[in-house]
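Scroll down for the structure; my scribbles are underneath it.
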Amino acid sequence: MPGETMDSFYVTTPIYYVNGLPHIGHSYTTIAADVLSRHKRKLGWDVFFLTGTDEHGQKVVRAAQEKNMTPQEFVDGIIPRFREAWKKLEISYDDFIRTTEPRHIRAVQNFLQELQDKGELSLGEYEGLYCVPCEVFWTDKQAESGLCPDCRRPVERIKETNYFFKLSRHQEWLISHIAKHPDFIQPESRRNEVLAFLKENTLTDLCISRPKTRLSWGIPLPFSPAHVTYVWFDALINYIAALGYPGEKERFEKFWPSSLHLIGKDILRQHAVIWPIMLHAVGMEPPKRIYAHGWWQVGQEKMSKSRGNVVDPLALIDEFGIDIYRYFLLRDVPFGLDGVFSRASLIQRFNGDLANDLGNLVFRTLTMAEKYFDGRVPALQKERLKSPLASEILLKLDKLPALVDAGLERLDFIAALEGIWSVIGNCNKYVEETKPWNLKKEGRQEDLEDFLAVLITAIRCVAGELEPFMPQTAQKILSQIKDDHVVKGDPLFPRIEEE
RNA sequence: CGCGGGGUGGAGCAGCCUGGUAGCUCGCAAGGCUCAUAACCUUGAGGUCGUCCGUUCAAAUCGGACCCCCGCAACCA
């Protein structure tokens, strides 16, 4: 539509590298993106939520070899596991891109050709210590002893001809871009980190190709069929490939200006340095915002595929439910910081926040609706209210959407949830203060109606705000409160008794 | 002198940028209530805010020195 001004929102997760199964870290970023997407959609924004998989490169080849499969067979076998995991977690992505898809390959090749045409690439020699059996390059420091850190066999110094991208040419531009856009890299500590890095170092030329003779599992360079594209270079382009680059200008222009890349802090350099420079080099705008979140640790150790201590989200979901998992990840630890995962803290959140506060409030309220009004829901008559606390609750409800929105805008999921829980707390207090059982005995029907009307109103509103975070729970609550009557169900979150 | 993060009641954290009665969640203790999932509500105990020095009328908060803890090959969110 010409002159369209509709608010659009583009959010991405990294495309996950598929040499292993989905773990808590993948689900963390993905759930965060899902919450933001659901929230924006609710407000009427046009949302495009992208996730996907990164399928090329040496690691995938090796993982496939270990299973006696071709790389294609291997990735085709893993991708459904990701899709299933996201389905189970109620992830509402709009698109799932695979780097082995034709649309992505076309985008990458087009992008490379543009760079080549603009004279941004040059042919050069790559030299390094190479372990032939492992097919891996090591830096001098890594292979100090002259042995491969992995297999302990001797490495050899080899040279190969590759294409290089001169990042340093755009370094000054990037520094000033970051300086001019305080929100470009978040949180602030990460922004400072990148800025300091850029000011203190000259970026080295990025080797963007691999000889096909050494690695064939990749996207061929359009101008040199003897080379395939370096996997990171290939991967980053997914963000624009999914928007229809290079063909669909309209879609691209609609979503790209509002782009938000959610990433883990480990891949900050690629997203905050290489990616913006790649785009700038071909004359495209950098992403609007990059947010690097923290890591989950297990006990004192960091979680990693190689240590084998990864937390399996699906097992946790089966045991505790989807919504507590989604809630826990976003509520327990500030998004930008590292956190420690433990069953105990998850159970504590479950029992404390979900069972005692929220679940119990809903349950006791519906019980009273049944007991005092045969399940009928009295209408709210604001002008009749006498209790200051009731007024406070209604006031908070008015402000709640804006509060949640502001929190999510900053990716401060905790602030948003605390805002919601503050209302829940007030409601529980309101019950104690009002002592409806006394009103009943005294036959003060009108007061009792007002009381219940306030609670029901609050619960409806809370459920609405909760929807992006806990879609199932929100749905369950709303299905128990019809327009004029309630249909009480089982407790939403039966307490978990352990030990 | 490598870099970064951190040291606040029993546990986990906020507050520090923009100095001025130390706050939150959990746990613990006592009380209340009965609509409710031994849930809910109230109150309380518990901290010289890592150490020392300095700036100031006043410092968890600013400056300096020091001590201790965590992470820092690659892969990873």
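Every chain is numbered from 1 and lettered A, B, ... according to where its sequence line falls, protein lines coming before strand lines.
Within 4.0 Å of A:Y372, counting heavy atoms only, lie sugar-phosphate atoms of the nucleic acid but no base atom. Across all strands shown, A:N360 has heavy atoms under 4.0 Å from base atoms, whether or not it also approaches the sugar-phosphate. In this structure, A:G359 reaches the bases: a heavy-atom distance under 4.0 Å links it to at least one base atom across the strands shown. Within the nucleic acid shown, A:P491 comes within 4.0 Å of at least one base atom, counting heavy atoms only. Residue-level contact check: A:I267 touches the backbone only, with heavy atoms under 4.0 Å from sugar-phosphate atoms and none from bases. Residue contacts shown for A:D490 are absent, as no nucleic acid heavy atom lies under 4.0 Å away.
Computed from coordinates, the A:D332 CG to B:rA14 C1' distance equals 14 Å when rounded to whole Å. Rounded to an integer number of Å, the gap from CH2 of A:W295 to P of B:rG71 is 12 Å. Distance CD (A:Q348) to C1' (B:rG12): 8 Å, rounded to an integer number of Å. Note: OH (A:Y430) to P (B:rU42) measures 16 Å, nearest angstrom. The CG atom of A:D54 sits 12 Å away from the C1' atom of B:rC75 (whole-angstrom rounding). Computed from coordinates, the A:E433 CD to B:rC40 P distance equals 17 Å when rounded to whole Å. Atom-to-atom, CG of A:N428 to P of B:rA39 comes out at 13 Å; the value is rounded to the nearest Å. Rounded to whole Å, the distance from CG on A:N351 to C1' on B:rU25 is 14 Å.
Pairing of B:rG63, defined by two Watson-Crick or G-U wobble distances under 3.5 Å, is identified with B:rC53. Base pairing annotation: B:rG2 forms a Watson-Crick or G-U wobble pair with B:rC72, both donor-acceptor distances under 3.5 Å. In this structure, B:rG31 forms a base pair with B:rC41, meeting either the Watson-Crick or the G-U wobble geometry with both donor-acceptor distances under 3.5 Å. Searching all strands for a Watson-Crick or G-U wobble partner of B:rG19 with both distances below 3.5 Å returns nothing. B:rG12 and B:rC24 make up a base pair, with Watson-Crick or G-U wobble contacts both under 3.5 Å.
Remark: the separation of the P atoms in B:rG32 and B:rG50 is 40 Å, to the nearest Å. Rounded to whole Å, the P atom of B:rG47 lies 26 Å from the corresponding atom of B:rG6. Spacing between B:rA14 and B:rA22 at atom C1', rounded to whole Å, works out to 11 Å. When the P atom is compared between B:rC69 and B:rC75, the two are found 29 Å apart, to the nearest whole Å. With both ends at atom P, the span from B:rC52 to B:rC67 equals 15 Å, rounded to whole Å. Atom name C1', nucleotides B:rA74 and B:rC68: the rounded distance is 30 Å, in whole Å. To the nearest whole angstrom, the two P atoms, one in B:rG23 and one in B:rA60, are 14 Å apart. Taking atom C1' in both B:rA39 and B:rU21, one finds a spacing of 35 Å when rounded to whole Å.
Map A:P334 and A:Y16 each onto its nearest nucleotide of RNA chain B; the residue landing nearer the 5' end is A:P334. The 5' end of RNA chain B is approached more closely, in terms of each residue's nearest nucleotide, by A:R331 than by the other of A:R331 and A:T367.
By the 30° and 60° cut-offs, the orientation of the rings of A:Y327 relative to A:W421 is tilted. A tilted orientation is assigned to the rings of A:F335 and A:H293, their planes being inclined by 30° to 60°. Using bins of under 30°, 30° to 60° and over 60° for the plane-to-plane angle, the ring pair A:W275/A:Y239 lands in the tilted bin. Taking the six-membered ring where the residue is Trp, A:F320 and A:F350 present tilted rings, their angle falling between 30° and 60°. Relative ring orientation between A:Y126 and A:F164 is described as parallel, the plane-to-plane angle staying below 30° on a 0-90° scale split at 30° and 60°.
A:H104 and A:D234 share a donor-acceptor pair across their side chains, judged by distance under 3.5 Å alone.
Counting only heavy atoms from C-beta on, A:D266 has its side chain closest to B:rC76 among B:rC41, B:rA14, B:rC76. Among the nucleotides B:rC35, B:rC26, B:rU25, the one closest to the side chain of A:R349 is B:rU25. Of the listed nucleotides (B:rC76, B:rU37, B:rC35), B:rU37 has the atom at the smallest distance from the side chain of A:R495. Side-chain atoms of A:W232 lie closest to B:rC76 of the nucleotides B:rU37, B:rC76, B:rC35.
Under 4.0 Å is where a charged nitrogen must lie from a carboxylate oxygen, and between A:E90 and A:R326 no such pair does.
If you take CG on A:L329 and CD1 on A:I24, they are separated by 5.0 Å, rounding to the nearest 0.5 Å.
Remark: A:K435 is not in phosphate contact with B:rC33, judged by side-chain N or O atoms under 4.0 Å from OP1 or OP2. At least one side-chain nitrogen or oxygen of A:K371 sits closer than 4.0 Å to the OP1 or OP2 atom of B:rA36.
An aromatic stack links A:W437 and the base of B:rC35, using centre distance under 5.5 Å and interplanar angle under 30°.
With hydrogens and angles ignored, no donor-acceptor pair under 3.5 angstrom links the side chain of A:N356 to the base of B:rA39.
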